[in-house]
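A short write-up of the structure that comes next.
In what follows, every heavy atom counts, from backbone to side chain, and hydrogens, waters and symmetry copies are set aside.
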Amino acid sequence: MPLVGKKINNLLEAKFETLNDVDQQVKNLFQNRRDRFYTALLWEFVARVVGCFEIYFIGLALDINIDFIDAMIISSGSSLFANLVFFFPMQLGTREGGLAMAVMSIGLPASVGIFMGIVTRIREIVWIMIGLGWMSLVKKK
């Protein structure tokens, strides 16, 4: 691959042991503990569907006419973009950009995607604060 092929190859060589170890662990899980593998896969699927409902409900709150299929398209497009640019810490800007591109693909303005990204960030901050508060309560006991 031009421009990045050599860098990717160097990265793969440097991280070969770690990548191989992860690959072996997944193979082992699938071969020896298939029930756990499928349980983890099911929970991942459920989490993705819940994420689609979040997008759907944000659309309803914004009085935007989207259905659940549109929410799935937006969520999967945003997730794909975030995975392509995985090296940004905390997905800074990539979630909002991915959501903007995904909502544009179904004919909505990019500003809707950016607002959806901001709403999901606020939700994350609220749950982080709840978690920190819970940790401080548990620690004191």
From [X] atom [atom1] to [Y] atom [atom2], the distance as rounded to the nearest 0.5 Å:
{"X": "Asp67", "Y": "Leu60", "atom1": "CG", "atom2": "CG", "answer": "10.5 Å"}
{"X": "Ser111", "Y": "Leu99", "atom1": "OG", "atom2": "CG", "answer": "12.0 Å"}
{"X": "Ile128", "Y": "Arg123", "atom1": "CD1", "atom2": "CZ", "answer": "9.5 Å"}
{"X": "Phe115", "Y": "Glu96", "atom1": "CZ", "atom2": "CD", "answer": "12.0 Å"}

More than 12 heavy atoms of other groups within 6.0 Å of [X] [atom1]:
{"X": "Phe68", "atom1": "CZ", "value": "yes"}
{"X": "Arg121", "atom1": "CZ", "value": "yes"}
{"X": "Asn65", "atom1": "CG", "value": "no"}
{"X": "Met72", "atom1": "CE", "value": "no"}

In the single-linkage hydrophobic clustering (I, L, V, M, F, W, Y; side-chain heavy atoms under 4.5 Å), do [X] and [Y] co-cluster?
{"X": "Ile58", "Y": "Phe53", "value": "yes"}
{"X": "Met101", "Y": "Leu62", "value": "no"}
{"X": "Leu80", "Y": "Leu108", "value": "no"}
{"X": "Ile118", "Y": "Ile64", "value": "no"}
{"X": "Val119", "Y": "Ile55", "value": "yes"}

So Phe30 and Tyr38, do their side chains get closer than 4.5 Å, heavy atoms only? yes
Is there side-chain contact between Leu29 and Gln25, with at least one heavy-atom pair below 4.5 Å? no
Determine the minimum heavy-atom distance between [X] and [Y], stating which atoms define it.
{"X": "Ile66", "Y": "Tyr56", "result": "O-CE1, 3.3 Å"}
{"X": "Pro109", "Y": "Met104", "result": "C-CG, 4.4 Å"}
{"X": "Thr120", "Y": "Arg95", "result": "OG1-CD, 3.5 Å"}
{"X": "Ile73", "Y": "Ala102", "result": "O-CB, 4.4 Å"}
{"X": "Phe81", "Y": "Thr94", "result": "CD2-O, 3.3 Å"}

Residues in side chain to side chain donor-acceptor pair (under 3.5 Å) contact with Ser79, at least two apart in sequence or another chain: Arg48
Between Asn28 and Gln24, a side-chain donor and acceptor under 3.5 Å: no
Quick one: does Ser78's side chain have a donor or acceptor within less than 3.5 Å of a partner on Ile74's backbone? no
